[in-house]
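Given the structure is predicted, the values throughout are model-derived calculations rather than measurements. Lettering of chains follows the sequences in order, A, B, ..., and the numbering in each one begins at 1.
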Amino acid sequence: MKKIALAVGLVGLSAIAFAQKSSTDSIAEYRQMLQDGNPADLFEAKGEGLWTQKRGPKNASLEKCDLGKGPGVFKGVWVELPRYFADTGRVQDLESRLLTCMQELQGFDAQEIAKTPFGRGEQSNVTALATWIAAESKGMKLNLPQDHMEERKMYEVGKRLFFMRGGSHDFACATCHSQDDKRIRLQDLPNITKNPGAGNGFGAWPAYRVSNGQMWGAQLRLNDCYRQQRFPYPIFGSDATIALGVYMGVNGKGGATVAPAIKR
Amino acid sequence: MQTRRETLKHSAAVASLLAATGLFPQYAQAFDKAAFDAKTINEAIKAMGGAVPVESKDVTITGPDIAENGAVVPFGASTSLPNVKRVLLLVEKNPSALVAMFNVSPEVDVNFATRAKMGQSSDVYAVAITNDGKAFFAKKEVKVTLGGCGG
Amino acid sequence: MQSKFLLPLAAAAVSFLTACSTPLPSSADLDKLTKDIVARSFRAEGQAQLDRVNPDEDNLLCSQADQSGNTIDEKLATAVEARNMQTIKAPVDGKYLGDFKEGEKIAQSGSGKTWTDKADAANGGNCYNCHQISKEELSYGTLGPSLYNYGKMRGVANPNNAESKPIVEYTWGKINNPRAYNACSSMPRFGHKGVLTEMQIKHVMALLLDPASPVNK
Amino acid sequence: MADPMRIRAQAAGDKATIRVLMSHEMESGQRKDGTGKTIPAWHIQDVTATLNGKTVMTAEWGPAVSKNPFLQFTIKGAKAGDKVGITWKDNKGDTRSDEATVT
């Protein structure tokens with residue numbers, strides 16, 4: 001009899017504990033359980049291999065690619081992107097810069113890759129490369145340069161784009177991402193106008209999306225934000241996407257990066 | 001609080017899930033009987049004889065209370081019971097309940113973790129099958145939520 | 001060859017001239033630059049046509065206010081609200097409430113109007129993205145206020161009663177065009193922008209106001 | 001050919017924890033394509049783990065294991081320098097083997 005009473009007592013206790021645990025706590029627990037064993041590792045490994053592999057019409061590797069800190073440097077470059085590149089005369093993010101390198105060094109057609117749907121052909125290689133390069137800056141602090149006039153102009157443009165309401169639903173980026181402690185459904189929404197939200201948000205992509213089992217680079221992340229915002233399709237590597245990258249990354253200055261992350 | 005009747009229901013549920021996998025002919029009969037309505041569950045369980053799956057505190061299932069996404073739900077199944085031959089992970093409301101089956105050898109701990117897809121909120125079972133064909137289980141309820149913008 | 005990933009040397013040279021200590025262009029010039037960048041950065045896809053990045057006057061005013069961190073000027077707000085109020089039409093048959101069960105489905109659905117949605121498919125209301133509504137749904141957003149007990153809290157015992165009329169009409173207007181009441185509301189103008197049909201809005205109305213709806217339990 | 005696995009094998013005491021990520025679609029057989037046709041199930045069916053060439057565990061999986069599967073288990077008596085091998089085979093007959101050294 002005693003034994004049964006004790007067992008009942010325990011069951012009762014755990015039921016109360018469950019009731020008191022909020023959905024937010026449970027979701028946090030769920031996310032914690034996924035941290036060990038992030039399939040982004042698979043893409044990271046693929047990207048690392050692609051960097052040294054001789055490929056493309058010129059049968060060359062990417063080892064001489066300049067991502068902002070000189071040819072061949074991949075450690076720490078990601079926390080300083082997007083930045084201005086004198087050779088192209090453009091502010092570029094990681095993915096658009098990888099296209100430049102794939103074209104210049106390997107002879108691929110950058111425009112062709114930019115037009116390729118995400119996850120297909122060379123696009124999936126760009127994502128894998130971006131995943132690996134971001135991982136090589138994991139834990140470092142965002143430190144985007146704002147010395148060049150083009151970089152400063154892009155920040156200003158990014159800010160305007162961030163607040164631009166439009167589409168069928170009148171949404172702007174700011175509709176969801178300009179307040180603290182808000183969520184959409186059960187997902188926390190980072191406040192991207194300042195830290196910690198800007199660093200946490202911007203510094204998490206590329207990320208593995210468990211909902212569809214895909215690796216998403218920053219370009220696809222933005223692309224899908226715009227899709228949900230009911231805007232037209234942002235062209236891969238376009239100045240609008242890069243300006244937003246500058247706006248988010250500069251707002252996130254000093255935030256430690258966690259990319260490649262694992263996300264819902 | 002779990003009543004005896006509910007416990008029996010769970011046993012029947014596990015039996016039917018095992019039977020549905022087609023891997024355990026000894027449960028096939030139990031499955032048929034368990035398919036009767038609630039009034040006859042007690043009799044059905046009796047008819048299972050030694051094959052009644054028993055809920056056991058020596059079997060552990062770990063997993064989230066709420067999954068942010070049903071596409072990836074992390075689970076761990078372990079047991080301290082001796083002579084375990086197999087460990088199964090079953091999601092009751094999936095189109096086919098059996099997610100994974102691990103065949104144990106003396107060289108490994110009876111402790112496995114993997115991730116499952118869940119179409120909807122469901123009870124999830126870890127079942128340990130011993131060398132003599134007995135089944136012991138642990139159960140966990142997992143709520144699957146709809147996340148994100150949903151578009 | 002036209003390629004923005006290649007090296008346009010002329011562009012690089014121009015950029016050098018504008019570098020360093022030069023002050024930023026004027027705000028108006030940056031607005032113009034933003035407009036140019038938008039024009040070349042998006043392409044039409046599915047039903048998401050380029051007119052969607054051509055914001056109307058209401059959105060322009062609110063975007064400017066949001067960006068400056070201030071609220072919209074009071075006079076402008078009154079004008080925005082007045083012209084949005086004019087878009088609200090009472091239901092043709094005089095009936096404001098539909099079926100709350102249908103309303104729940106619409107509230108749950110986050111689809112519609114994206115470039116991956118079929119143009120002729122029914123749109124969702126996206127309601128749970130931002131609001132708590134029925135108690136059973138744990139997965140709700142917090143961008144908007146909780147709507148749990150919406151009708152009950154406002155004392156709507158019978159939505160057809162005369163005393164319920166003001167709240168019924170307000171709710172109808174709010175779903176159709178929230179910017180009639182709050183110039184820079186973040187909520188979509190479901191009726192005005194054709195996101196939801198009149199019938200769909202009636203169903204959502206029932207979800208919020210029908211005493212039998214789980215929202216009011 | 002399938003992409004390589006990521007295998008981590010870490011010794012602690014007289015055991016080693018093995019964590020494996022596999023690159024696989026794990027198509028459930030429940031989804032429909034754009035034309036309404038069911039996409040056939042395509043999933044890893046058999047998994048075998050070896051320690052220095054000797055099988056220590058086998059597993060049978062259904063299509064409900066998540067895409068890009070994760071597997072964790074513990075091998076008794078494995079020590080640094082030992083070789084852990086993982087092989088999977090899917091229902092189309094595709095197979096992949098990778099090996100890692102216990103650290």
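- Within 6.0 Å of the NZ atom in D/Lys89, the count of heavy atoms belonging to other residues, nucleotides or ligands does not exceed 12.
- The contact between D/Gln72 and chain A is made entirely by side chain atoms (from C-beta outward), counting heavy-atom distances below 4.5 Å.
- Looking at A/Asp36, the atoms closer than 4.5 Å to chain D (heavy atoms on both sides) sit in the backbone and in the side chain alike.
- A 4.5 Å side-chain heavy-atom check between D/Phe70 and A/Leu34 finds every atom pair outside the cut-off.
- Contact annotation for D/Pro69: neither backbone nor side-chain heavy atoms come within less than 4.5 Å of a heavy atom of chain A.
- Counting heavy-atom neighbours within 6.0 Å of D/Lys79 NZ, excluding the residue itself, gives a total of 12 or less.
- Chain A is approached within less than 4.5 Å, heavy atom to heavy atom, by D/Arg8, D/Arg19, D/Leu21, D/Met22, D/Ser23 from residues 7-24 of chain D, ordered by number.
- When side chains are defined from C-beta on, A/Leu42 does not count as touching D/Asp3, because their heavy atoms never get closer than 4.5 Å.
- Interatomic distance, D/Lys67 NZ to A/Tyr208 OH, rounded to the nearest 0.5 Å: 6.0 Å.
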